[in-house]
A.B. asks: 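Quick one: this structure, given as structure tokens, is what I'll be asking you about.
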There are 2 protein chains.
Amino acid sequence: MSVPTERRRGPRRALTEDEILDAALGLLDEGGQDAASVRGIAARVGVAPNAVYTYFPDKAAVVRALVERLLGEVDHDVFTDRGRPWRERVEALALELRSRLSAHPGAVGLVVGGPMDGPHALALNEHLLHLLADAGLGPTEAARASYLLIVYVFGSIALEVADVHEAGPLPPETERVAARDRAFAATPADAFPRSSAAAPTMARFISTDQYLWGLRRVLDGIAARVG
Amino acid sequence: MSVPTERRRGPRRALTEDEILDAALGLLDEGGQDAASVRGIAARVGVAPNAVYTYFPDKAAVVRALVERLLGEVDHDVFTDRGRPWRERVEALALELRSRLSAHPGAVGLVVGGPMDGPHALALNEHLLHLLADAGLGPTEAARASYLLIVYVFGSIALEVADVHEAGPLPPETERVAARDRAFAATPADAFPRSSAAAPTMARFISTDQYLWGLRRVLDGIAARVG
DNA sequence: ACCTTACCTGTACACCGTACAGAGTATGTA
DNA sequence: TACATACTCTGTACGGTGTACAGGTAAGGT
């Protein structure tokens, strides 16, 4: 009888890179931005800290791999359907990215803070470029528009998550929206929020409504260049 | 003869908070994102590491104060002139912020990564809200538009700086643009950049031209809501 | 039965933020 | 003038971080 699970070449490989990434993401989800230490990861998979370095050359490589995995999780089908109008496809992409990333707030900083030059990131960029070419944009304007959209999507997610150092997931959207409304709403119905007290932060805790509103303004601006 | 420099109450105050912030910013400029350690700051002002804690409760407070100082350096006059068209004023604000922040790439991550809830940040937000009210937007749309603009300005700067972990200032814009063009330019003149090799990162090293292009698309989208 | 290869551990180093106790000095008050 | 007070700054120390180095151990292939 042979060994049921296939081994690679050397001795048994007790760990896998995926286990390590699972542990890192788990720590990030539970403890926020800085919770994924090498020692913590190793402890979570039940191994000495150095064992991690068998699979990744350094911590940055772990982070890169994790970012790639997160970006690889986005469902490309929803926006590669060339039968749908291009604006709908962009909105689908934007919503998909937002929901994927805000599921792991602690990891958002790592995604945005890195070079985003892995295969999945590039594939995403390429799909977006094709999409904008479908819309009728020339190569230069497509590149610029894709940059603009990337900035909006990642920028808004990054800003939203920026001041949530605490552990755990974001508060539910209903509560976030309520907080934002409390912050921005002027006291008289038609008044303009003039005091700092009325707008306590520059940009935080936005709703999906507001996210889509901004995205649509961007799309309006881009659409005007199509003709 | 009396002491020329005025003292507060206690013994001589050899350090000032500004000296500490100068040191922190200097380290950030020379060493990038993570170069501003408490120990490094203290060494640079010639003092034991703990002395810093006389002026700031913890490192986060140092960072907050530094962010506030950077945001306080933006020249408000260029965009509070209500005589100029509102789009011009937004562009002036966007360019001012970009030039101020990209002068200190190592500090950008700290600005964007924090809550941005200091007095200067709030004042900036308020000015932007007023500006958009001048443009004719109602309170809700002004808040949403200001959020959109903030996301664009800070998001693009953050993404641009994200993969420059190395020390020193950004390369000069001419070189950055050349790198970007090399990256995005399709090999045949009219071809569309399809390969990942042709677009090696999602969004990096953009020119002022491209920055303004994106900003103007955003402004187009906002302007369409004014009527 | 070797030898090679790859996994994993123990130990160690330099650095980080920062808490605690105390030394030193300039000031306000008697 | 003398003292008490208030404040700045230092020495030391603790627990945390990333990771380099040397070895031990177990599973192949031959």
Side-chain angles (χ1 to χ4, degrees), chain A residues 1-21 23-24 27-28 30-67 106 109-110 113-114 165 167, chain B residues 1-21 23-24 27-28 30-66 106 109-110 113-114 165-167:
Chain A
M1 48 165 49
S2 64
V3 183
T5 62
E6 189 177 353
R7 303 303 185 183
R8 302 195 190 187
R9 285 178 301 148
R12 86 273 101 99
R13 177 171 274 253
L15 260 53
T16 65
E17 302 183 5
D18 269 329
E19 277 179 86
I20 293 173
L21 296 183
L27 289 170
L28 247 24
E30 293 166 14
Q33 174 90 32
D34 301 326
S37 69
V38 174
R39 288 173 144 88
I41 294 168
R44 187 175 256 239
V45 297
V47 109
N50 310 342
V52 173
Y53 290 88
T54 301
Y55 301 87
F56 298 94
D58 51 27
K59 187 189 178 180
V62 179
V63 169
R64 274 198 304 275
L66 184 58
V67 167
L110 303 178
H165 348 279
Chain B
M1 48 168 51
S2 65
V3 184
T5 62
E6 190 177 352
R7 304 303 187 185
R8 302 194 190 186
R9 284 179 303 150
R12 87 271 101 95
R13 176 171 276 254
L15 259 53
T16 65
E17 302 182 4
D18 269 329
E19 278 178 85
I20 293 173
L21 297 183
L27 288 170
L28 246 24
E30 293 166 13
Q33 175 89 31
D34 301 326
S37 69
V38 175
R39 290 173 143 88
I41 293 168
R44 187 176 256 241
V45 297
V47 110
N50 310 343
V52 173
Y53 290 87
T54 302
Y55 301 87
F56 298 95
D58 52 26
K59 187 189 176 178
V62 179
V63 168
R64 273 197 305 274
L66 184 58
L110 303 178
H165 347 279
E166 333 304 339

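Keep in mind that what you see is a predicted model, and the values were worked out from it rather than measured. Chain letters run A, B, ... following the sequence lines, proteins first and then strands; every chain starts at 1.
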A.B. asks: Given atom CD1 of B/Ile20 and atom C1' of C/dT18, what is their separation to the nearest angstrom?
C.D. replies: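 Computing the B/Ile20:CD1 to C/dT18:C1' distance gives 15 Å.
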A.B. asks: Can you tell me which nucleotide in D/dC21, C/dT18, D/dT10 comes closest to the side chain of B/Ala48?
C.D. replies: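 Closest of the options to the side chain of B/Ala48: D/dT10.
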A.B. asks: Output the residues of residues 36-46 of chain B in contact with DNA chain D, where contact means a heavy atom of the residue under 4.0 Å from an atom of the strand; sort by number or write none.
C.D. replies: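 Here the set is B/Arg39.
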A.B. asks: Between A/Tyr55 and C/dC8, is there a contact of a side-chain N or O with OP1 or OP2 at under 4.0 Å?
C.D. replies: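 Yes, within the criterion.
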A.B. asks: Any salt bridge (Lys or Arg N to Asp or Glu O under 4.0 Å) pairs touching residues 36-46 of chain B, not counting sequence neighbours?
C.D. replies: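 Passing the test, one end in residues 36-46 of chain B: B/Glu30-B/Arg44.
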A.B. asks: Sequence neighbours left out, what passes side-chain contact (heavy atoms from CB on, under 4.5 Å) with A/Ala60? Give chain and number order.
C.D. replies: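 Scan of A/Ala60 (side-chain contact (heavy atoms from CB on, under 4.5 Å), adjacent residues dropped) gives A/Asp58, A/Arg64.
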A.B. asks: If you take all heavy atoms of A/Ala65 and A/Phe56, which pair is closest and at what distance?
C.D. replies: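 Looking at all heavy atoms of both residues, the closest pair is CB-CE2, 3.7 Å.
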A.B. asks: Can you measure A/Tyr53 atom OH to C/dG10 atom P for me and round it to whole angstrom units?
C.D. replies: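 Taking atom P of C/dG10 as the reference, OH of A/Tyr53 is at 17 Å.
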A.B. asks: Between the base of C/dT11 and the side chain of A/Asn50, is there a donor and acceptor pair under 3.5 angstrom?
C.D. replies: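 Indeed, a donor on one side and an acceptor on the other fall under 3.5 Å apart.
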A.B. asks: For A/Asp34, enumerate each residue passing the salt bridge (charged side-chain N to carboxylate O under 4.0 Å, His left out) test, keeping only those at least two apart in sequence or located in another chain.
C.D. replies: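 In terms of salt bridge (charged side-chain N to carboxylate O under 4.0 Å, His left out), with neighbours along the sequence ignored, A/Asp34 is linked to no residue.
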A.B. asks: Taking side-chain contact (heavy atoms from CB on, under 4.5 Å) as the test, write out the residues that go with A/Asn50, two or more places apart.
C.D. replies: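 If we apply the side-chain contact (heavy atoms from CB on, under 4.5 Å) test to A/Asn50, skipping adjacent residues, there are no hits.
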A.B. asks: side-chain contact (heavy atoms from CB on, under 4.5 Å) with B/Val47: which residues, sequence neighbours excluded?
C.D. replies: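 Scan of B/Val47 (side-chain contact (heavy atoms from CB on, under 4.5 Å), adjacent residues dropped) gives B/Leu15, B/Ala42, B/Val45, B/Ala51.
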A.B. asks: Compare the minimum distances between each of C/dC8, D/dT19, D/dC9 and the side chain of A/Pro49, then state the nucleotide with the smallest one.
C.D. replies: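 For the A/Pro49 side chain, the nearest candidate turns out to be D/dT19.
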A.B. asks: When you get a sec, tell me which of D/dT19, D/dC9, C/dC8 is the closest nucleotide to the side chain of A/Asp58?
C.D. replies: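 Side chain of A/Asp58 sits closest to D/dT19.
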A.B. asks: Give the rounded distance in Å between these two atoms: CZ of A/Phe56 and C1' of D/dG18.
C.D. replies: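 After rounding, the gap between these two atoms is 16 Å.
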A.B. asks: Could you state the NZ-C1' distance from B/Lys59 to D/dG16, rounded to the nearest angstrom?
C.D. replies: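 Whole-Å distance recorded here is 14 Å.
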